Amino acid sequence: MTTYAGATVRLTTAQALVRWMIAQRSELLGGAEVPLFAGVFGIFGHGNVLGLGTALHEVQDDLPTWRGQNEQGMALAAVAFARATDRRQVMAATASVGPGALNMVTAAGVAHANRIPVLLLPGDTFTSRAPDPVLQQVEHFGDPTTSVNDAFRPVSRYFDRITRPEQLMSTLPQVARVLTDPADAGPVVLALPQDVQAEEYDFPAAMFEPRLHRVPRHRPDLAALAEAAELLRTAARPLLVVGGGVRYSGAAREALAFAETHGVPVVETVAGRTLVPHEHPLYGGPLGIIGATSANELAAAADVVLAVGTRLQDFTTSSWTGFAPGVRIVTVNAARFDAVKRAAHAVVGDARETLLELTETLEGWSADPSWTGRAAEERAVWDTHVDQLRHGAAPDGSLTYAQVVGIVNDASGPDDYVLTASGGMPGELHGGWRTGPVKPDASPTSGATMDLEYGFSCMGYEVVAPWGAAMARAQTHPDGLVTGLFGDGSYLMLNSELYSAAFAGHPFVAVLCDNGGYAVIHRLQTNQGAAGFNNMLSDSRGPGADGSVHVDFAAHARALGCTVEDVPADAGVDGLRAAYLDARAAAKATGRPTVVVCRTHPSTWTEAGAWWETGVPETLSGHEAYREAKQRQLRWL
């Protein structure tokens, strides 16, 4: 027996892992102490059912296991759970070896791109190699140590294969570090060979003592802060860009106070959306390709941009054509990797603490009132445009996307939460959503009420994510309701977890907009001069293209255990509004998801007119505009 100075406890590798998970604690933004690991999503197979499955069964009252139907789906639900808790709590997901494990790779990509913590526990092949090749094993002729789980490496922040039980003692502190580090947050993958899962070892009892993990708030370097302040003091037209890092730092109040103190217009990125009340006089709107012309006009005129908690991806910067030549950008980011991009002036530190110190350093400085006032002026123009979209009608009298979003927006309160991901709906929510006043009482979260997954643009996330978000929000906002919005393409791609949510008793509303195919990519295709091809059902190959083969979405959702509101094609805005309100009531009454099925026009979009770089062949009509935009693209700051 292995001896230690302290007491030991004999456990299997799997038992030790789950006991350690139960001992880990976290702190919400409001200060409440909660479990770091709120639960496990699991689908069992021969690679995890006896080792990890047995260990989870023994602790199900302390670490609940929720049954999924698709490994990708349940792992995406775990991503949404972490996002809804502002990265303060984590869900794990486990799958068997082989195809079950590989199904989670896409979800790992979503978490990695969006900097979201999630713990993935795929089964792995035997370290002994005695039964090789085991069922579902992929053999590599030149490297027997490789398994399909190595596919996780490019989409993991931390990857380890546990080949000895005692390895947990060195790797688990690193697991906790990555899951709670604001600069390095992302997916952790522990590959668990099925023989090692069941192997016993004498672990030190101290390993399972409760431990509280507080997210660190790193202060900025004083010299970098002073230089940033000097840059801002020279600005005639400063602009504050609020990103997801502001959300995860819980710094929305400090960001707004900075803007108010110094008279700086403020705009939001996709990840920072809903942190600023829409009617605030300094709010310029959502920035970028799927944002508002108001925010983009401010960005194009700004001479100094303070970008806080954003990695400045192409949809935020309009593929780096959204800012003026000669612009100076100051980035505040917990991750140096993101802060130094494009040679911006980097300030590495926590968003909240950096904004507080920067405000103090800039005491007495404020922007010119004429520039300050432009935020409300520009936004008023955009608001008028969105009002027209919300009250207008599609060419054939069907619903527009702006109308759908407007109805959900009007019915949602400060405790509610809305989300979407791929396709055209992100543009409708980012560009057209109006955030209400902030609740006066302290919130256990950042106050953000939107999950707009547009870092990976993963189709199907928006169908599954309401399950994870509903689980999280039930703890922090029990009076609120989660609503997901998506198209028919996403629904057909990943709908099985609607049954999981119905089975588990987690209510939310899902608004399914049937537009007859992949309409937003059809728009990109045809707007550049290409022929419509293989995106809309009507331009795809097969006899069903004539409309004779269609999906009864209402019947399908009902068969998955959901209650359904099927909006007639001629019901209009009033019909959809009534159906959505009924759906909210039904979800709360039944404790299950309610799906609202409506028909939307495929080409009525909320657009800001910004440019997005995609490769355009010279033979297409859009190539000339592509060449012109490339000449305006900033490559270095």
Side-chain angles (χ1 to χ4, degrees), residues 38-39 41 64 66-69 73-74 77 80-81 84-85 91 399 403-420 425 429 433 436 439 443-445 449-451 462-486 490-491 494-514 552-568 571-599:
F41 292 107
W66 301 97
R67 185 185 186 280
Q69 314 306 317
M74 66 185 190
F81 183 98
T85 61
M91 292 289 285
L399 293 165
Q403 289 172 336
V404 175
V405 169
I407 287 168
V408 176
N409 199 166
D410 290 343
S412 298
D415 286 330
D416 294 326
Y417 192 78
V418 65
L419 56 80
T420 194
M425 199 55 76
L429 282 176
W433 190 266
K439 290 182 68 176
S443 171
T445 60
T449 56
M450 182 181 292
D451 175 356
E462 61 271 64
V463 188
V464 175
W467 184 25
M471 295 173 70
R473 299 284 291 188
Q475 303 175 83
T476 57
H477 297 80
D479 296 328
L481 189 67
V482 172
T483 296
L485 296 95
F486 47 83
S490 289
Y491 180 90
L494 197 61
N495 54 62
S496 58
E497 303 316 314
L498 286 170
Y499 173 72
S500 300
F503 183 90
H506 295 117
F508 56 84
V509 176
V511 181
L512 193 170
C513 299
D514 183 1
D552 187 337
F553 292 105
H556 188 269
R558 195 174 288 113
L560 292 175
C562 302
T563 55
V564 175
E565 293 288 336
D566 193 3
V567 183
V573 173
D574 291 338
L576 177 60
R577 181 179 295 107
Y580 178 68
L581 293 175
D582 288 345
R584 291 177 62 91
K588 291 180 178 180
T590 64
R592 291 183 293 164
T594 299
V595 178
V596 178
V597 180
C598 62
R599 286 78 184 167

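Because the structure is a prediction, the values reported are computed rather than measured. Each residue takes its place number in the sequence, starting with 1.
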Check salt bridge (charged side-chain N to carboxylate O under 4.0 Å, His left out) between Asp415 and all other residues, then give those that pass, not counting sequence neighbours.
Lys439
With sequence neighbours left out, write down each residue that passes side-chain hydrogen bond (donor to acceptor under 3.5 Å, both in side chains) with Tyr417, or none if nothing qualifies.
Arg247
Determine, step by step, whether Val404 and Cys513 satisfy the side-chain contact (heavy atoms from CB on, under 4.5 Å) criterion, reporting the C-alpha distance in whole Å, the side-chain angles of both residues, the deciding distance to 0.1 Å, and the verdict.
CA-CA 9 Å; Val404 175; Cys513 299; 4.0 Å; yes
Would you please name every residue forming a side chain to side chain contact (heavy atoms under 4.5 Å, CB included) with Tyr499, sequence neighbours left out?
Gln69, Phe503, Leu560
The criterion is salt bridge (charged side-chain N to carboxylate O under 4.0 Å, His left out); which residues satisfy it with Asp479, sequence neighbours excluded?
none
Considering residues at least two apart in sequence or located in another chain, which fulfil the side chain to side chain contact (heavy atoms under 4.5 Å, CB included) criterion with Ala571?
Val567, Pro568
Centroid separation under 6.0 Å, is that true for the rings of Trp66 and Phe81?
no
Holding to salt bridge (charged side-chain N to carboxylate O under 4.0 Å, His left out), I want the full list of residues that pass it with Asp410, two or more places apart in sequence or in another chain.
Arg390
Tell me every residue that passes side-chain hydrogen bond (donor to acceptor under 3.5 Å, both in side chains) with Thr476, counting only those two or more places apart in sequence or in another chain.
none
Asp514: partners by side-chain hydrogen bond (donor to acceptor under 3.5 Å, both in side chains), with sequence neighbours left out:
none
Residues forming a ring-ring contact (aromatic ring centres under 6.0 Å, His included) with His556, sequence neighbours excluded
Tyr491
Partners meeting side chain to side chain contact (heavy atoms under 4.5 Å, CB included) with Ala510 (sequence neighbours left out)
Phe486, Phe508, Val595
Would you please name every residue forming a side-chain hydrogen bond (donor to acceptor under 3.5 Å, both in side chains) with Asn495, sequence neighbours left out?
none
Could you list the residues that satisfy side chain to side chain contact (heavy atoms under 4.5 Å, CB included) with Ala411, not counting sequence neighbours?
Tyr580, Leu581, Arg584
